[in-house]
Amino acid sequence: MLNQPTLVDQFGRTVDYIRLSITDRCDFRCVYCMSEDMAFLQREEVLSLEECSRLVRVFVSLGVSKVRITGGEPLVRKNALWLFEELGKLDGLKELVLTTNGSQLEKKATALKKAGVKRINISIDSLNAERFKKITRTGDLNKVLTGLQASIDEGFEAIKINTVLMRGSNDDEAADLVQFAIDQKIDISFIEEMPLGEVDHTRESSFVSNADTLKLLQDKYSLLPSTESTGGPARYWRVANSHTKIGFISPHSHNFCESCNRVRITCKGELYLCLGQEDRIDLMPLLRDNPDDDAPLIAAILDSMRIKPKGHDFDLRRAEPAVIRFMSYTGG
Ligand code: SAM
Ligand code: SF4
């Protein structure tokens, strides 16, 4: 369409990527993400799948070309596949991607591929079943590895492991996880732990910097810097003579905010303009009060670009988490 409005903020950054959390619920309780006894939202407090679909359609009409479905665990939401099928039909949506803990992939990989999902990120923090259980509190490593294999067999454009390293827990597994990724011909990203939500482990002492992980891996592998960028906090390296790319997602050590191209939508329909700040608008009332008219929703989304903050404000030394929101709620 000519003269179609697009999302550009006051710093000239174009927003063409949304991350949508479709549930705050999860079958795991990873120590850095959730407390052991989480209180979850009631059904009516969460966007319906129809509302999720409408919202994405509106964002795509405003120039968004990439959508990541996340959670919580998106694949534990009942009928989640319907949403993927709807989104897969949207003209203008070039990249439909998913972040998952992998527990449901054995059953759902085929249908996701068919719906049009291009790439999948699967969180795996340890290759040791006992440790995996300790970190996720409820997860079964075998099930996740079977789901990963099912996804590899489907031939997605790319599969990436996401790993959060924690000192004294799994920080000795960085090289093993990279070797596993090389053997499987997939990618891997190391995510520095972020101070999101109150959890019952000590973040400051468990924090592992990506600079240290990179140094350790450079001793073992020949790594070639890559200029590839997704407009986010990840920096990539290629492992020589392999199919594998290693990403380092470093919200603390890098200022990635200048090139930020994304916004997040919680499962309650709150549009957060930055992962580490409180600036947001509530889209749910706009959806529910105007079931047949997208105009108020479009106006509010365009207007929200005025309040997208310049950058985040994470500081591990602070006693309080910078943001009380849990990652599972905002969507990782
Ligand atoms: N349940 C799915 C999963 O685990 O992949 C999707 C949601 S999860 C919130 C998305 C990503 O956020 C995961 O890779 C997880 O490791 C990461 N994550 C969760 N809490 C985090 C935190 N406090 N700091 C850094 N990464 C975190
Ligand atoms: Fe669940 Fe993902 Fe959070 Fe782990 S990181 S508790 S799998 S939402």
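Every number for a ligand or one of its atoms is a count from 1 in the order of the listing.
Using a 4.0 Å cut-off to heavy atoms of Thr100, the atoms of ligand 1 that qualify are 2 (C), 3 (C), 5 (O). Residue Met194 has at least one heavy-atom neighbour below 4.0 Å for each of these atoms of ligand 1: 22 (C), 23 (N), 24 (N), 25 (C). Near Gly72, meaning under 4.0 Å from any of its heavy atoms, are these atoms of ligand 1: 1 (N), 2 (C), 6 (C), 7 (C). Taking every heavy atom of Cys30 and a limit of under 4.0 angstrom, the matching atoms of ligand 2 come to 4 (Fe), 5 (S), 6 (S), 7 (S). Listed by atom number, the atoms of ligand 1 under 4.0 Å from Asn162 heavy atoms are 14 (O).
For ligand 1, the polar-atom distance check against Ser123 finds a nitrogen or oxygen pair separated by under 3.5 Å. The shortest N or O to N or O distance between Asn121 and ligand 1 is not below 3.5 Å. Between Asp125 and ligand 1, not a single N/O pair is under 3.5 Å apart.
Counting only distance, with no hydrogens or angles, the side chain of Gln10 and the backbone of Arg306 share a donor-acceptor pair below 3.5 Å. Judged by distance alone, the side chain of Arg68 and the main-chain N or O of Tyr17 form no donor-acceptor pair under 3.5 Å.
Every residue meeting the side chain to side chain contact (heavy atoms under 4.5 Å, CB included) condition with Thr110, not counting sequence neighbours, appears here in chain and number order: Glu154.
Within the structure, every pair that satisfies the salt bridge (charged side-chain N to carboxylate O under 4.0 Å, His left out) test and touches residues 101-128, not counting sequence neighbours, is listed here: Glu95-Arg119.
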